**Student:** 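My questions all concern the structure below.
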Amino acid sequence: MAINNRYEFLFYIQCKDGNPNGDPDMGNAPRVDPQDMHGYITDVAIKRRIRNYVQTAFAGEDGMEMLVRSASNINTGIAEAKEQAGVDVSAKGKNEVYAGRRAACQMFYDVRTFGAVMSTGPNAGQVRGPVQITFARSLDPIQTQDISITRMAKAAEVTGAKSAADYRAWEAAQSEDSLRTMGRKQFTPYGLYEARGFISANLAQETGFDESDLKALLEAILNMYEHDHSASKGEMAVITPLVIFRHVGTDSDEKQRARQARLGCAPAHRLFELVKVGKKADVAYPRSWKDYCSEIALEQRPAGVDIGFMTSPYGEITWNRVPEDAEFFR
């Protein structure tokens with residue numbers, strides 16, 4: 001059964017001595033806003049890591065496959081969906097397209113969650129997903145650095161080499177310096193990024209995004225960088241707690257209250273404004289989330305909205321009070 005409440009959420013991503021999201025058009029340097037030099041991480045980079053985590057954590061479970069996978073052709077998944085629906089893969093009539101669309105929502109977690117354009121190839125139409133995530137933007141300007149590194153080995157093609165012995169002979173004939181090469185590394189010393197998300201109960205009714213899907217999403221957000229460590233990423237982590245706004249309604253009439261819960265009881269921007277995070281007055285250059293002050297105005301939450309805090313990917317959500325193990329907002 002699809003979710004019946006509208007949600008918004010926000011979370012903070014910390015990056016130490018790493019490149020949170022390189023721009024290939026800028027030599028893979030960390031992405032920055034050229035006007036104010038704040039860094040950002042694209043929405044698709046965040047969703048990529050959510051997909052990767054869900055694919056790993058829920059491997060083999062029904063409905064938890066991904067349509068958008070690394071080094072794959074999404075038309076393969078579209079064809080699989082239409083076959084699962086029992087319709088001709090090449091048929092592009094309204095009924096066949098809709099059947100493929102419905103099957104894709106059932107089969108693929110990312111289609112059910114984020115939506116997808118599936119009007120290519122076999123054609124299963126388009127799905128507008130209930131979960132949307134903004135660019136994550138750093139709270140302060142970041143400094144991007146481009147440093148030289150020495151690679152102690154090189155990968156050279158050896159003409160005529162047919163065996164490992166041929167490569168060893170060529171290597172022995174080279175000078176030590178010629179077997180080294182130079183490289184570049186782009187990173188930022190530190191950035192704390194805020195990302196915001198929105199979950200539509202109305203769109204969830206169309207895709208079938210349910211409570212178990214929501215639980216998987218929140219788990220993935222808190223855990224996604226724990227399974228994405230690499231030399232280029234440095235130390236990246238989601239700083240707990242994940243903050244969740246749940247619309248529950250206020251009306252005494254049950255039907256009207258359910259309608260309010262789906263449509264919402266306050267604008268999203270007002271809810272996000274309840275959260276204040278900024279660097280401490282005596283800190284010039286933040287290098288940790290502990291260099292920031294944070295507060296959330298629980299007493300100002302609008303009627304009909306609950307505020308939840310999630311500190312563990314496998315734990316429960318604490319509603320309307322800050323839990324003891326929260327790193328922020330204590």
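Keep in mind it's a predicted model, so treat the numbers as computed, not measured.
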**Student:** How many angstroms lie between CD in Q174 and CD in E176, if you round to the nearest 0.5 Å?
**Tutor:**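 It comes to 12.5 Å.
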**Student:** Quick check on D62: does its CG atom have over 12 non-hydrogen neighbours (other residues, nucleotides or ligands) under 6.0 Å away?
**Tutor:**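 No, CG of D62 has 12 or fewer neighbouring heavy atoms, counting only those of other groups under 6.0 Å.
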**Student:** Going only through I, L, V, M, F, W and Y residues with side-chain contacts under 4.5 Å, is there a path from F135 to I13?
**Tutor:** no
**Student:** Could you go step by step and tell me if M310 and I317 meet the side-chain contact (heavy atoms from CB on, under 4.5 Å) rule?
**Tutor:** CA-CA 5 Å; M310 192 170 179; I317 300 171; 4.2 Å; yes
**Student:** May I ask you to test the E211-I3 pair for a side-chain heavy-atom distance under 4.5 Å?
**Tutor:**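 Side chain of E211 against side chain of I3, heavy atoms only: contact under 4.5 Å found.
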**Student:** Walk me through it: do S200 and R6 pass the test side-chain hydrogen bond (donor to acceptor under 3.5 Å, both in side chains)?
**Tutor:** CA-CA 5 Å; S200 166; R6 193 185 105 187; over 6 Å; no
**Student:** Taking the side chain as every heavy atom from C-beta outward, state whether V32 and D23 have any pair of such atoms under 4.5 Å apart.
**Tutor:**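 Side-chain contact under 4.5 Å: no.
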**Student:** Would you check if the side chain of Q186 reaches a backbone N or O of N19 as a donor-acceptor pair within less than 3.5 Å?
**Tutor:**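 No, the answer is negative, given that no donor and acceptor are paired below the 3.5 Å cut-off.
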**Student:** Do the side chains of D306 and R246 get close enough for a salt bridge, i.e. N-O under 4.0 angstrom?
**Tutor:**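 R246 and D306: salt-bridged.
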**Student:** Would you say the side chains of N75 and T120 form a donor-acceptor pair under 3.5 Å?
**Tutor:**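 Yes, because at least one side-chain N or O of N75 sits under 3.5 Å from a partner of the opposite role on T120.
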**Student:** Look at the side chain of D110 and the backbone N and O of V68, then say whether any donor-acceptor pair between them is shorter than 3.5 Å.
**Tutor:** yes
**Student:** Once you round to the nearest 0.5 Å, how far does CD1 of I50 lie from CG of L218?
**Tutor:**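 Spacing of CD1 (I50) from CG (L218) equals 9.5 Å.
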**Student:** Is there a donor-acceptor pair closer than 3.5 Å between any side-chain N or O of K154 and the backbone N or O of S178?
**Tutor:**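 Pair found, side chain donor or acceptor close to backbone of S178.
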**Student:** Around atom CD of E157, are there more than 12 heavy atoms from other residues, nucleotides or ligands closer than 6.0 Å?
**Tutor:** no
**Student:** Any idea which heavy atoms bring P122 and I78 closest together, and the distance?
**Tutor:**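 The pair with the smallest heavy-atom distance is CB-CG2, 3.7 Å.
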**Student:** Over all heavy atoms of both residues, which pair between S288 and K16 is shortest? Give the atoms and the distance, please.
**Tutor:**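 Scanning both residues completely, I find the closest heavy atoms to be CA-CE, 4.4 Å.
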**Student:** Are N320 and R301 close enough that some pair of their side-chain heavy atoms sits under 4.5 Å apart?
**Tutor:**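 The answer is yes, as the side chains (C-beta and beyond) meet within the 4.5 Å cut-off.
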**Student:** Please go through I307's hydrophobic cluster and name the other residues, only I, L, V, M, F, W, Y counting, with side-chain heavy atoms under 4.5 Å joining them.
**Tutor:**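 Answer for I307: L10, Y12, L139, Y190, L192, F198, I239, V243, F245, L271, F272, L274, V275, V277, W289, Y292, I296, L298, V305, F309, V322, F328, F329.
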**Student:** Classify the side-chain pair D177/S175 by whether it contains a donor and acceptor separated by less than 3.5 Å.
**Tutor:** no
**Student:** Nearest 0.5 Å, please: how far is OH in Y225 from NZ in K233?
**Tutor:** 8.0 Å
**Student:** May I ask you to say whether E96 pairs ionically with K92, meaning some side-chain N is under 4.0 Å from a carboxylate O?
**Tutor:**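 So E96 does not pair with K92 through a salt bridge.
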**Student:** Hey, quick one: are L222 and I244 part of the same hydrophobic cluster, counting side-chain heavy atoms closer than 4.5 Å, chains of contacts allowed?
**Tutor:**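 Linked within one cluster.
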**Student:** Any salt bridge between E206 and R101, counting N to O under 4.0 Å?
**Tutor:**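 Yes.
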**Student:** Please report the C-alpha distance between K290 and E327 in whole Å, then the side-chain angles of each, then the deciding distance to 0.1 Å, and finally whether the side-chain contact (heavy atoms from CB on, under 4.5 Å) criterion is met.
**Tutor:** CA-CA 9 Å; K290 295 179 181 179; E327 293 175 314; over 6 Å; no
**Student:** How far apart are the C-alpha atoms of M236 and Y193, what are their side-chain angles, what is the distance that settles it, and do they pass the side-chain contact (heavy atoms from CB on, under 4.5 Å) test?
**Tutor:** CA-CA 11 Å; M236 293 193 68; Y193 297 75; over 6 Å; no
**Student:** Give the minimum heavy-atom separation between G304 and C265, together with the two atoms involved.
**Tutor:** O-SG, 3.6 Å
**Student:** For D17, check salt bridge (charged side-chain N to carboxylate O under 4.0 Å, His left out) against everything at least two apart and list the hits.
**Tutor:**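 Counting only residues at least two positions away or on another chain, D17 forms no salt bridge (charged side-chain N to carboxylate O under 4.0 Å, His left out).
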**Student:** When you group the ILVMFWY residues by side-chain heavy-atom contacts below 4.5 Å and let the links chain together, are L217 and M107 in the same group?
**Tutor:**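 No, because M107 and L217 fall into different hydrophobic clusters, even though each may have its own neighbours under 4.5 Å.
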**Student:** Quick check on Y98: does its OH atom have over 12 non-hydrogen neighbours (other residues, nucleotides or ligands) under 6.0 Å away?
**Tutor:** no
**Student:** Under 3.5 Å, side chain of H38 to main-chain N/O of D36, donor-acceptor pair present?
**Tutor:** yes
**Student:** Between R270 and P267 (side chain of the first, backbone of the second, donor and acceptor by atom type, cut-off under 3.5 Å), is there such a pair?
**Tutor:**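 Pair absent, no side-chain N/O of R270 close to backbone of P267.
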**Student:** Does atom CZ of R287 have more than 12 heavy-atom neighbours, drawn from other residues, nucleotides or ligands, at distances under 6.0 Å?
**Tutor:** yes
**Student:** Please check if the side chain of N5 supplies one atom and the backbone of A261 the other of a donor-acceptor pair under 3.5 Å.
**Tutor:** no
**Student:** State whether the number of non-hydrogen atoms from other residues, nucleotides or ligands found under 6.0 Å of M182 atom CE is greater than 12.
**Tutor:** yes
**Student:** Should M64 and R112 count as side-chain neighbours, where that means a heavy-atom distance under 4.5 Å?
**Tutor:**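 Result yes, sub-4.5 Å side-chain heavy-atom pair found.
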**Student:** Which heavy atom of P30 sits nearest to which heavy atom of T188, and what is that distance?
**Tutor:**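 Looking at all heavy atoms of both residues, the closest pair is CG-N, 4.1 Å.
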**Student:** Kindly give the heavy-atom pair with the smallest separation between A104 and V111, and that separation in Å.
**Tutor:**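 In terms of heavy atoms, the two residues are closest at O-CB, 4.0 Å.
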**Student:** Check whether L67 and I133 end up in the same hydrophobic cluster, where Ile, Leu, Val, Met, Phe, Trp and Tyr are linked by side-chain heavy atoms less than 4.5 Å apart.
**Tutor:** no
**Student:** Count the heavy atoms of every other residue, nucleotide or ligand shown that sit under 6.0 Å from CD of Q84, and state whether that count exceeds 12.
**Tutor:** no
**Student:** Under a 3.5 Å threshold, yes or no: a donor from one side chain and an acceptor from the other, between Y53 and E219?
**Tutor:** yes
**Student:** Are side-chain N/O atoms of R184 and S148 paired as donor and acceptor at under 3.5 Å?
**Tutor:** yes
**Student:** Do M26 and T144 have side chains that get closer than 4.5 Å, going by heavy atoms?
**Tutor:**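 M26 vs T144: side chains apart.
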**Student:** Using 0.5 Å steps for rounding, measure from the CG atom of L203 to the OG1 atom of T207.
**Tutor:** 7.5 Å
**Student:** Within the structure provided, determine whether V117 and Q126 are in side-chain contact (heavy-atom separation under 4.5 Å).
**Tutor:**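 Side-chain contact under 4.5 Å: yes.
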**Student:** Whether the side chain of R262 engages the backbone of N4 through a donor-acceptor N/O pair (distance < 3.5 Å, no angle test) should be reported.
**Tutor:**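 Side chain of R262 to backbone of N4: no pair is present.
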**Student:** Strictly distance-based, threshold 3.5 Å: is any side-chain N or O of T134 a donor or acceptor partner for the main-chain N or O of R196?
**Tutor:** yes
**Student:** Among side-chain atoms of N21 and R31, is any donor-acceptor pair under 3.5 angstrom?
**Tutor:**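 The answer is yes; a qualifying pair exists.
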**Student:** Using modelled atom types and a 3.5 Å cut-off, is there a donor and acceptor pairing between side-chain atoms of E295 and backbone atoms of K276?
**Tutor:**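 Pair absent, no side-chain N/O of E295 close to backbone of K276.
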**Student:** Is the closest side-chain heavy-atom distance between D291 and K279 below 4.5 Å?
**Tutor:** no
**Student:** Considering all heavy atoms of both residues, which atom of A103 and which atom of A85 are nearest to each other, and what is their separation?
**Tutor:** CB-CB, 4.0 Å
**Student:** To the nearest 0.5 angstrom, please state how far the CG atom of L214 sits from the CD1 atom of I199.
**Tutor:** 5.0 Å
**Student:** Do other residues, nucleotides or ligands put more than 12 heavy atoms under 6.0 Å from R259 CZ?
**Tutor:**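 Incorrect, the count does not exceed 12.
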**Student:** How far does OH of Y285 sit from CG of D140, to the nearest 0.5 angstrom?
**Tutor:** 11.5 Å
**Student:** For the backbone of N123 and the side chain of K82, can you confirm whether one donor and one acceptor N or O come within less than 3.5 Å of each other?
**Tutor:**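 At least one qualifying donor-acceptor pair exists.
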**Student:** If you define the side chain from C-beta out and look only at heavy atoms, does anything of V238 sit under 4.5 Å from M224?
**Tutor:**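 Yes, side chains in contact.
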**Student:** Given the rule that I, L, V, M, F, W and Y join up when any side-chain heavy atoms are under 4.5 Å apart, are F108 and V89 in one cluster?
**Tutor:**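 Shared cluster, no.
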